[in-house]
Protein chains: 2
Amino acid sequence: MPDSAIRPRKEFGKTIAADITHRLREEIIACSLAPGEPLRFDVLRERFGASFTTLREALTALAAEGLVDAQEQRGFRVAPVSRQDLVEVTDARVLIEVELIRRSIERGDDDWEIAVISTLHRLKRIEQRDPEHPLRDPEWKIAHRQFHQALVSACGSATLLAIRAELFDRAERYRHLSANLRPRPRDKAGEHQAIMQAAISRNADLAVQLIEAHIRSTFDNVATYAGHLLDSE
Amino acid sequence: MPDSAIRPRKEFGKTIAADITHRLREEIIACSLAPGEPLRFDVLRERFGASFTTLREALTALAAEGLVDAQEQRGFRVAPVSRQDLVEVTDARVLIEVELIRRSIERGDDDWEIAVISTLHRLKRIEQRDPEHPLRDPEWKIAHRQFHQALVSACGSATLLAIRAELFDRAERYRHLSANLRPRPRDKAGEHQAIMQAAISRNADLAVQLIEAHIRSTFDNVATYAGHLLDSE
DNA sequence: AACGGTATGATTTTCGAAAATGACGTTTTG
DNA sequence: CAAAACGTCATTTTCGAAAATCATACCGTT
């Protein structure tokens with residue numbers, strides 16, 4: 001057997017549609033497809049090398065996630081951004097993430113602790129490579145996502161985890177919006193470290209407090225540095 | 001202007017795909033497509049009179065809502081039911097619905113009160129027609145949905161309302177599962193009346209308590225009368 | 001000049017055929 | 001006899017052409 005685990009992940013799903021869905025999601029989150037931008041089939045067809053119907057399937061899936069806006073009979077566009085939407089996403093994230101952290105801290109076993117610690121360790125390692133612009137590093141983004149995922153992973157509800165993941169994606173798009181405009185990145189490393197310690201030491205109240213501050217500071221950052229982009233819609 | 005509000009709703013979306021999505025959703029929720037049942041294209045094609053790709057788009061959308069299970073390269077099937085899934089859905093509904101009721105009670109204006117009162121009134125009217133089997137009456141289902149929707153409609157977050165709606169659909173499927181097996185329907189009319197009164201009188205704590213009991217009693221009912229259907233998966 | 005209606009072009013939406021893949025029974029081999 | 005390898009069939013997945021729909025510019029009328 002030649003290779004199966006080592007292969008550089010070109011394809012994510014077995015079907016082309018799932019693959020395109022994944023790639024489109026990435027580009028929308030990274031804002032390389034700008035908010036509000038129309039998604040015309042001719043263009044997408046060339047860019048992703050898939051047919052109308054396959055693209056349509058991918059866009060439909062992303063519309064259900066709130067990353068794409070389907071305007072019946074008039075095609076699709078990247079979901080627009082707005083101050084109101086950012087407020088709602090932040091607010092929903094706090095509600096759900098806080099609850100999931102509590103449950104994870106209550107239910108988490110040894111494997112959970114190990115996952116939290118090791119994902120944070122990995123995140124810090126990657127962070128040292130380019131402390132200035134972490135969001136530009138795809139590996140940092142993955143590691144960052146995995147750390148936050150690990151924190152809540154022991155909550156026991158796949159349903160709530162799926163909802164959380166969608167909100168995380170929508171929030172990450174706003175992070176990218178401000179990342180390029182912000183002069184210096186804020187000290188996320190310290191925040192993550194503190195959250196990890198609170199979680200591992202089973203201090204739920206503190207962990208909740210830190211997570212909420214962490215989420216809300218994202219909001220403040222976006223509002224400060226990309227606020228002008230939010231009202232033009 | 002001839003008619004626009006009165007038209008008997010045959011079509012829901014302008015596109016065929018949106019229409020099929022809606023019809024499929026209804027059938028899955030009503031369990032006329034049984035949980036776990038494979039959704040083969042030949043069959044669907046004949047039943048809904050649409051082509052492969054259109055059906056595929058509809059199924060993809062429903063998969064994102066958690067009503068359909070997409071098994072890559074092996075087609076789609078109606079999402080299976082399980083005790084664990086029911087627990088998660090109930091639990092997530094309590095978390096979110098409780099919060100939205102609080103916000104609605106805090107923010108609701110005159111129009112909100114009117115909506116709550118009038119949707120309940122309508123529900124009771126319909127209920128009198130066939131008090132034995134309300135779930136078999138499509139109009140009752142719509143009115144029931146609209147009453148609960150009205151209760152939380154003033155919460156101010158379209159994002160959370162969308163999440164709530166998905167969970168409501170998933171829960172309704174379980175209600176249908178037990179409805180046919182339950183000897184006599186429980187007294188929902190009284191519960192709804194009490195919830196309405198608590199909401200209108202801005203008694204948030206009481207409303208929250210009643211809503212939570214209302215949601216959890218659905219769980220108990222399903223577990224009692226359809227429990228045997230949940231463990232066979 | 002303003003307005004309403006119509007034709008034209010651009011774009012989306014839908015379709016069924018064709019390719020790809022998985023399931024399963026049969027045969028071959030150790 | 002068990003297990004692997006093959007071939008066939010059923011089913012899904014993908015494609016590009018064709019139909020439907022929308023946007024826009026043009027023309028005629030008031």
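Below, chains carry the letters A, B, ... as their sequence lines are ordered, and counting in each starts from 1.
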| request: Rounded off to whole Å, could you give me the CZ-to-P distance for the A:R40 and C:dT13 pair? | output: 12 Å
| remark: Shortest non-hydrogen pair, B:A223 vs B:R83, comes out as CB-NH1, 4.3 Å
| task | Would you kindly give the CZ-to-P distance between B:F76 and D:dT12, to the nearest whole Å? | result | 9 Å
| note | Checking B:R145, B:R25, B:R93 against B:E172 for salt bridge (Lys or Arg N to Asp or Glu O under 4.0 Å), the one that qualifies is B:R145
| query | What residues, two or more places apart in sequence or in another chain, satisfy ring-ring contact (aromatic ring centres under 6.0 Å, His included) together with B:W112? | reply | none
| task | Round to a whole Å and report the spacing from CD1 of B:I20 to P of C:dT13. | result | 15 Å
| query | Are A:R170 and B:T159 close enough that a side-chain donor and a side-chain acceptor fall under 3.5 Å? | reply | yes
| query | Can a donor-acceptor pair be found between the side chains of B:N221 and B:Y174 at a distance below 3.5 Å? | reply | no
| request: For B:L39, answer base if it contacts any base atom (sugar-phosphate contacts may also be present), sugar-phosphate if it contacts only those atoms, and nothing otherwise; contact means non-hydrogen atoms under 4.0 Å. | output: sugar-phosphate
| Which nucleotides of nucleotides 14-24 of chain C have their base under 4.0 Å from a protein heavy atom (B), which only their sugar-phosphate (S), and which neither (-), written as one string 5' to 3'? | BBBB---SSS-
| task | Quickly work out the A:F41 CZ to D:dT21 C1' distance and round it to whole Å. | result | 14 Å
| Nearest-Å distance for atom pair CG/C1', residues A:L44 and C:dT11 | 12 Å
| field | Pair listing, side chain to side chain donor-acceptor pair (under 3.5 Å) test, anchored in residues 38-47 of chain B, at least two apart | value | B:E27-B:R47
| message | Could you tell me how far apart B:R77 (CZ) and D:dT12 (P) are, to the nearest whole angstrom? | response | 14 Å
